[in-house]
Amino acid sequence: MTEKLAKALFIAAGLYDGLLGIVFFSFSSEIFDFYGVTPPNHVAYIQFPALLLLVFAIMFFRIANEPIKNRELILYGSGLKLSYFGLAFWHDVTVGIPSMWMPWAWGDLVWFILFLAAWLRLGRMTAKAETS
């Protein structure tokens with residue numbers, strides 16, 4: 001993965017999480033209605049994670065700006081993705097989870113793999129530059 005490709009990856013991740021955060025913050029009732037899922041007893045239980053997605057979106061844009069310099073931030077984004085898909089898959093296998101959550105779990109698995117690939121490649125680029 002080149003630095004240019006890493007920049008594109010993290011711009012896309014910022015747009016993805018930013019849009020998802022805005023949509024869930026603004027339209028959570030409509031989303032739950034669409035899927036026929038009972039929402040939590042208070043909208044703040046959805047709005048808080050939605051705002052966290054916006055914070056991570058900002059971080060992804062920061063990574064995109066200077067991927068090598070901000071390489072270590074990629075691990076935090078990877079942790080976000082691992083947390084989500086790990087919990088979703090665990091609950092899906094053990095006690096069940098509404099299907100509305102699973103497309104994002106699969107998506108986050110893909111993001112996780114791409115983030116780790118970028119982190120590893122950017123690390124190799126840094127090591128190579130330091131030895132030259």
Side-chain angles (χ1 to χ4, degrees):
M1 177 175 298
T2 64
E3 187 175 7
K4 186 176 182 179
L5 190 54
K7 287 182 179 199
L9 172 66
F10 287 100
I11 288 170
L15 292 171
Y16 173 83
D17 276 1
L19 183 59
L20 202 56
I22 290 168
V23 168
F24 267 93
F25 186 87
S26 303
F27 304 106
S28 61
S29 296
E30 291 83 355
I31 295 168
F32 280 96
D33 286 347
F34 177 80
Y35 284 100
V37 173
T38 304
N41 66 353
H42 196 282
V43 71
Y45 291 118
I46 299 302
Q47 289 178 331
F48 176 69
L51 291 175
L52 286 177
L53 285 176
L54 291 173
V55 170
F56 274 92
I58 293 166
M59 184 188 75
F60 293 142
F61 290 131
R62 183 166 179 179
I63 295 168
N65 190 46
E66 295 183 88
I68 293 173
K69 179 182 174 190
N70 294 313
R71 177 178 171 258
E72 292 305 314
L73 294 177
I74 296 171
L75 295 177
Y76 294 98
S78 299
L80 170 74
K81 301 304 182 180
L82 175 64
S83 297
Y84 184 79
F85 79 75
L87 279 173
F89 290 152
W90 173 256
H91 286 288
D92 191 45
V93 169
T94 58
V95 295
I97 190 171
S99 63
M100 73 177 274
W101 302 112
M102 294 312 294
W104 293 297
W106 286 105
D108 276 1
L109 174 61
V110 171
W111 286 114
F112 177 78
I113 292 166
L114 292 171
F115 288 0
L116 287 183
W119 184 78
L120 290 169
R121 180 66 179 132
L122 293 169
R124 282 190 221 112
M125 291 170 59
T126 302
K128 191 176 192 180
E130 290 173 356
T131 59
S132 298

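The shown structure was predicted, so the numbers you read here are calculated from the model rather than taken from an experiment. This chain uses plain numbering: 1 for the first residue, then up along the sequence.
Hydrophobic clustering, with ILVMFWY side chains joined whenever heavy atoms are under 4.5 angstrom apart, groups Y16 together with M59. When hydrophobic clusters are built by joining Ile, Leu, Val, Met, Phe, Trp and Tyr residues whose side-chain heavy atoms come closer than 4.5 Å, directly or via intermediates, L19 is grouped together with F10. Cluster membership for F24 and M102, using ILVMFWY side-chain heavy atoms within less than 4.5 angstrom, is shared. I113 is not connected to I11 by any chain of hydrophobic side-chain contacts under 4.5 Å among Ile, Leu, Val, Met, Phe, Trp and Tyr, and they are in different clusters. In the hydrophobic cluster analysis, where Ile, Leu, Val, Met, Phe, Trp and Tyr join through side-chain heavy atoms closer than 4.5 angstrom, I58 is grouped apart from V55.
When L80, L9, L116 are each tested for a side chain to side chain contact (heavy atoms under 4.5 Å, CB included) with W111, only one passes: L9.
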Side chains of residues 60-77: which donor-acceptor partners sit under 3.5 Å, not counting sequence neighbours?
| residue | atom | partner | partner atom | Å |
| --- | --- | --- | --- | --- |
| N70 | ND2 | R62 | O | 3.0 |
| N70 | ND2 | E66 | O | 3.3 |
| R71 | NE | W119 | O | 2.7 |
| R71 | NH2 | W119 | O | 3.1 |

Exercise answer: donor-acceptor pairs, residues 81-100 side-chain atoms, under 3.5 Å, sequence neighbours excluded:
| residue | atom | partner | partner atom | Å |
| --- | --- | --- | --- | --- |
| K81 | NZ | D17 | OD1 | 2.9 |
| K81 | NZ | D17 | OD2 | 3.0 |
| K81 | NZ | D108 | OD1 | 3.1 |
| S83 | OG | G79 | O | 2.7 |
| Y84 | OH | W101 | O | 3.0 |
| T94 | OG1 | W90 | O | 2.8 |

Starting from the C-alpha separation in whole Å, work towards a yes-or-no answer on side-chain contact (heavy atoms from CB on, under 4.5 Å) for L51 and F25. CA-CA 7 Å; L51 291 175; F25 186 87; 4.0 Å; yes
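Separation of atoms CG (L20) and CG (L15) is listed at 12.0 Å; rounding is to 0.5 Å.
Looking at F32 and T38, their side chains never come closer than 4.5 Å, going by heavy atoms from C-beta outward.
Closest non-hydrogen pair, V43 versus S28, comes out as CG2-OG, 3.6 Å.
Annotation: Y35, atom OH; neighbour count of heavy atoms from other residues, nucleotides and ligands within 6.0 Å is above 12.
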